[in-house]
Amino acid sequence: MFAVIEDGSHQHQIQEGDILTIDYRATAKEGDSITFESVLLANGGGASCIGAPVIEGASVEAEVVQPELKGEKLEIQKLRRRKNSRRHTGHRQKYTTVRINSINVPGLEIVEPAAEEPEPATTEG
């Protein structure tokens with residue numbers, strides 16, 4: 001089963017157990033629970049449920065794994081030619097890491113894929 005959720009201006013395709021990096025939440029602490037109410041699409045294996053624009057009553061539960069994670073540093077350099085004017089700054093975005101615990105979609109039938117059985121070994125003699 002997978003779902004597509006919207007957080008801020010980003011859309012993420014998720015499954016249960018996935019680790020997801022989302023925008024920084026200042027009030028989040030390790031072990032806290034976050035609920036995403038904006039579920040755009042869900043697939044239970046056999047059937048899909050598509051929202052218009054969101055699925056009513058659907059939610060995704062996640063647990064905060066790492067409250068603050070720093071991203072890559074962006075270097076910004078501004079230079080004006082022949083004027084000996086230089087400005088060098090940088091920016092490092094903060095993120096929060098969460099683990100997806102459950103996807104709840106009312107009325108969606110979940111079909112588990114059947115495990116393939118290995119073929120019996122035959123011996124020729």
Side-chain angles (χ1 to χ4, degrees):
M1 174 175 192
F2 73 90
V4 176
I5 62 169
E6 183 178 25
D7 179 48
S9 61
H10 305 285
Q11 293 181 1
H12 304 280
Q13 180 178 347
I14 57 166
Q15 293 181 341
E16 289 185 14
D18 281 356
I19 302 291
L20 184 65
T21 303
I22 59 173
D23 291 334
Y24 179 66
R25 305 282 205 280
T27 59
K29 296 184 179 107
E30 189 170 344
D32 284 355
S33 178
I34 295 178
T35 303
F36 299 102
E37 299 291 332
S38 182
V39 179
L40 305 175
L41 177 134
N43 185 316
S48 293
C49 186
I50 301 172
V54 296
I55 301 170
E56 294 297 323
S59 64
V60 173
E61 297 290 326
E63 176 188 351
V64 176
V65 175
Q66 190 173 4
E68 184 176 328
L69 172 72
K70 290 187 177 180
E72 275 188 40
K73 183 159 188 172
L74 297 176
E75 305 261 344
I76 299 113
Q77 183 169 356
K78 297 181 181 177
L79 176 69
R80 292 180 187 89
R81 62 184 186 156
R82 296 191 297 268
K83 304 218 184 299
N84 200 19
S85 172
R86 295 185 184 111
R87 177 174 296 171
H88 182 251
T89 57
H91 175 74
R92 205 160 173 192
Q93 186 71 31
K94 292 180 185 178
Y95 299 102
T96 299
T97 306
V98 296
R99 176 180 294 116
I100 305 300
N101 290 335
S102 66
I103 301 171
N104 308 314
V105 181
L108 181 65
E109 183 181 332
I110 299 171
V111 177
E112 295 294 328
E116 293 183 20
E117 297 180 14
E119 293 182 18
T122 58
T123 55
E124 295 181 21

Quiz item: Who else is in Tyr24's hydrophobic cluster (ILVMFWY, side-chain heavy atoms under 4.5 Å, direct or via others)?
Solution: none
Self-check item: Under 4.5 Å side-chain linkage, directly or through intermediates, the cluster mates of Val54
Solution: Phe2, Val4, Leu40, Leu41, Ile50
Self-check item: Set of side chain to side chain donor-acceptor pair (under 3.5 Å) partners for Ser48, sequence neighbours left out
Solution: Asn43
Quiz item: Taking only residues two or more places apart in sequence or in another chain, which ones pass side chain to side chain donor-acceptor pair (under 3.5 Å) with Ser85?
Solution: Arg80
Quiz item: CZ of Phe36 to CD1 of Ile5: how many Å apart, nearest 0.5 Å?
Solution: 4.5 Å
Exercise. Would you give the length of the straight line joining atom CD1 of Ile34 to atom CG of Leu20, rounded to the nearest 0.5 angstrom?
Key: 9.5 Å
Practice problem: Could you list all the side chain to side chain donor-acceptor pair (under 3.5 Å) pairs where at least one residue sits in residues 10-19, not counting sequence neighbours? | Solution: none
Quiz item: What are the two closest heavy atoms between Leu108 and Gly44, and how far apart are they?
Solution: CD2-N, 3.8 Å
Quiz item: What residue pairs, at least two apart or across chains, pass salt bridge (charged side-chain N to carboxylate O under 4.0 Å, His left out) with a residue in residues 21-38?
Solution: Asp7-Arg25
List the atom pairs, with distances to 0.1 Å, where a side-chain N or O of residues 55-79 and a protein N or O form a donor-acceptor pair under 3.5 Å, not counting sequence neighbours.
{"from": "Glu61", "atom 1": "OE1", "to": "Ser33", "atom 2": "OG", "distance (Å)": "3.3"}
{"from": "Glu61", "atom 1": "OE1", "to": "Thr35", "atom 2": "OG1", "distance (Å)": "3.3"}
{"from": "Glu61", "atom 1": "OE2", "to": "Thr35", "atom 2": "OG1", "distance (Å)": "3.2"}
{"from": "Glu75", "atom 1": "OE1", "to": "His88", "atom 2": "NE2", "distance (Å)": "2.6"}

